[in-house]
Amino acid sequence: MAFILIMPRQGNTVESCIIVDWKVNEGDQVTNETIVCEVETDKATFEIPAGDDGTVLKILHNAGDDVPVLAPIAVIGSPGENWQTLIEKNSIDNTSRKGAKTQREEECTSTTQNLRVSVPPCDINSNKGISPRAKNLAEKEALSIDTLAGSGPEGRIIERDVKATLENRPALTAAAKTAVAGNIPREGTGLNGRITLQDIAETPNSQLTASDDYTETPIKGVRKVISDRMLKSLAETAQFTLNASANVSKLQDIRVKMKSSESKITVNDLILFAVSRTLPNFLYMNAHKTGDIIKTFNKIHLGSAVDTPKGLMVPVIRNINLLSLAEISTESKRLAAACQNSSIKPDELSGSTFTVTNLGSLGITNFTPVLNIPEISILGVCGIEMKPVTSELNNNCCNFDPYIGFSLTINHQVVDGAPAARFLKALCDAVANIDQLIVEG
């Protein structure tokens, strides 16, 4: 009997995955171990096996589609089986699925078993306002979603809304669809009134000219998810950044001594250690804002941003305040390596309560980190610079000491400037006296 292969849940916080590439075609024979497609989240890339022997009867989504977890992606069975009947037989009336998102997730989850399911797509992302089919058609026809009105449940844009709009718009040539920018004219100069590339180039407010030499790269996959999240972070929070610096003379001395040992402690390891020992005294910085609720956590789960070829990833060092410096160093390196080679587990990329992002090694002396929502704080680590310092013990003579910069972004809806400044000052003091902090453990 045919069965439906679903999009598996990749961790508790992942709600959808993007299909990067199909490894099989309709009609191909597969076994239980055959990799049928590769998918990615904003965190990592995964391969999905067929789950059983059979023939690929139908592929339900195209490469590039963003598919909700637990939703069907392909049908596998025996040649000649009527897979449409299978879906129709197990279809759920759309009206019965209106309600809370959590209720729809429970309906989907209750029918899931070992990547096999006999239900139609359970749309747990209806808050996006547009169905995947409608979105794909709009993008294919270079139609702005902002101009569409939805006739689906709760005002959702569905495929027929896109088709209706396209019927009232002149057709575009393939070149015009690819290069469209700015306003689209009501009439074109092409055959039967089609809008051509030249029409687009001559449209007021358009930035395109036919002679421009450029490369277009679609924003999709991990890059698109990161883009959307960064915009959402800035749009939904009152972000405020404070800057300070700490003397790292002692830290550099310790770093030199430990560099030659087997521990290979880095500057970043020492900063993470200092943060882990400072945060417990300022738990109001170790919090999430979800709607009108502030969740303050007693445990410190520290996110440490890692730059990878696929984009920014933030693995989590759990209960970091209970780990020694050596343990923090080991775990940080393990997680960073897993991000780089795409072996990181989804659950290792979720659940952080505070995040540290370090651009100091790239020579950055000041920047504004963007909150990793729903967290309310993120610490940016900058480069080390020599600064003039006067000392009363040395007749007020000026010396130059190494200082590391910190940029702390907070959600001003939750934390005021003064409490945040007190945390940052305590962190600077901890870094300046890192030797004492290490002795205390």
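- Contact check for Leu272 versus Ser304: side-chain heavy atoms found under the 4.5 Å cut-off.
- Side-chain N/O atoms of Ser276 and Asn321 include no donor and acceptor closer than 3.5 Å.
- In this structure, Asn341 contributes its side chain and Ser343 its backbone to a donor-acceptor pair below 3.5 Å.
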Problem set entry | Steps toward side chain to side chain contact (heavy atoms under 4.5 Å, CB included) verdict (Leu335, Ile344) | CA-CA 7 Å; Leu335 291 170; Ile344 192 76; 3.9 Å; yes
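- Asp28 places no side-chain N or O within donor-acceptor distance of the main-chain N or O of Val56, the cut-off being under 3.5 Å.
- Note that the CD1 atom of Ile158 and the CD1 atom of Ile130 stand 10.5 Å from one another [nearest 0.5 Å].
- Looking at heavy atoms from C-beta onward, Ile76 lies in side-chain contact with Val30 at the 4.5 angstrom threshold.
- Remark: Ile384 CD1 to Ile404 CD1 distance equals 4.5 Å, nearest 0.5 Å.
- Side-chain atoms of Arg255 come within 3.5 Å of backbone N or O of Ile265 as a donor-acceptor pair.
- Nearest heavy atoms, Thr31 versus Ala50: O-CB, 3.3 Å.
- In this structure, the separation between OG1 on Thr296 and CE on Met285 is 11.5 Å, given to the nearest 0.5 Å.
- No side-chain donor from either of Ser249 and Asp401 sits under 3.5 Å from a side-chain acceptor of the other.
- By the salt bridge (charged side-chain N to carboxylate O under 4.0 Å, His left out) test, Asp429 is found to be paired with Lys425, residues two or more places apart in sequence or in another chain being considered.
- Looking at every heavy atom in both residues, Pro369 comes nearest to Thr357 through CB-CG2, 4.1 Å.
- Taking the side chain as every heavy atom from C-beta outward, Leu5 and Val75 never approach each other to under 4.5 Å.
- At distances below 3.5 Å, at least one donor-acceptor pair connects side-chain atoms of Asn411 with backbone N or O atoms of Gln413.
- The two residues Leu424 and Ala244 make their nearest non-hydrogen contact at CD2-CB, 3.6 Å.
- Considering all non-hydrogen atoms of both residues, Ser377 and Phe354 come closest at CB-CE1, 3.4 Å.
- Side-chain N/O atoms of Asn286 and Thr353 include a donor and acceptor closer than 3.5 Å.
- Under a 4.0 Å N-O distance rule, the pair Glu375/Lys295 does not qualify as a salt bridge.
- No donor-acceptor distance shorter than 3.5 angstrom exists from the side chain of Glu38 to the backbone of Lys23, with no hydrogens or angles considered.
- Ion pairing between a basic and an acidic side chain is recognised when a charged N comes within 4.0 Å of a carboxylate O; Lys333 and Asp269 show such pairing.
- Distance alone, capped at 3.5 Å, places no donor-acceptor pair between the Ser329 side chain and the Leu325 backbone.
- Phe406 meets the ring-ring contact (aromatic ring centres under 6.0 Å, His included) test with no other residue; sequence neighbours excluded.
- Contact of the Leu251 side chain with the Val267 side chain is registered, since non-hydrogen atoms from C-beta on lie closer than 4.5 Å.
- Between Lys387 and Phe400 the shortest side-chain heavy-atom distance does not fall below 4.5 Å.
- Atom NZ in Lys250 sits 10.5 Å away from atom CD1 in Ile434 (nearest 0.5 Å).
- Between Asn319 and Leu323 there is no side-chain heavy-atom pair separated by less than 4.5 Å.
- Checking side-chain atoms of Gln340 against main-chain N and O of Ala337 turns up no donor-acceptor pair under 3.5 Å.
- Interatomic distance, Ile59 CD1 to Asp65 CG, rounded to the nearest 0.5 Å: 11.5 Å.
- Between the side chain of Thr308 and the backbone N or O of Cys339 there is no donor-acceptor pair closer than 3.5 Å.
- Side-chain atoms of Tyr284 do not come within 3.5 Å of backbone N or O of Val414 as any donor-acceptor pair.
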For this session: List the steps and the verdict of side chain to side chain contact (heavy atoms under 4.5 Å, CB included) for Val248 and Val431.
Result: CA-CA 7 Å; Val248 288; Val431 171; 3.8 Å; yes
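- Surrounding CD1 of Ile293 are at most 12 heavy atoms belonging to other residues, nucleotides or ligands under 6.0 Å away.
- In this structure, Glu440 places its CD atom where more than 12 heavy-atom neighbours from other residues, nucleotides or ligands lie under 6.0 Å away.
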For this session: Determine, stepwise, if the pair Ile320 / His301 fulfils side chain to side chain contact (heavy atoms under 4.5 Å, CB included).
Result: CA-CA 6 Å; Ile320 189 172; His301 302 315; over 6 Å; no
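- Atom OG1 of Thr365 and atom CD of Glu385 lie 5.0 Å apart (nearest 0.5 Å).
- A donor-acceptor pair shorter than 3.5 Å can be found between the side chains of Thr241 and Thr409.
- Remark: Glu348 does not engage Lys345 in a salt bridge, criterion side-chain N to carboxylate O under 4.0 Å.
- For the pair Thr330 (side chain) and Ala326 (backbone), a donor-acceptor distance under 3.5 Å is present.
- Side-chain contact, Asn32 with Asp52: no donor N or O sits under 3.5 Å from an acceptor N or O.
- Ile48 has its side chain out of reach of Ile35: every pair of non-hydrogen atoms, C-beta onward, lies at least 4.5 Å apart.
- Closest approach of Phe367 and Gly380 over heavy atoms only: CZ-CA, 3.4 Å.
- Between Ile373 and Arg229, every side-chain heavy-atom pair lies at or beyond the 4.5 Å cut-off.
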Exercise. What do the steps show when you test Ser245 against Cys428 for side chain to side chain contact (heavy atoms under 4.5 Å, CB included), and what is the final call?
Worked result: CA-CA 7 Å; Ser245 59; Cys428 289; 6.0 Å; no
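- A donor-acceptor pair shorter than 3.5 Å can be found between the side chains of Gln239 and Ser233.
- Scanning for ring-ring contact (aromatic ring centres under 6.0 Å, His included) contacts around His288 gives Phe297, with sequence neighbours left out.
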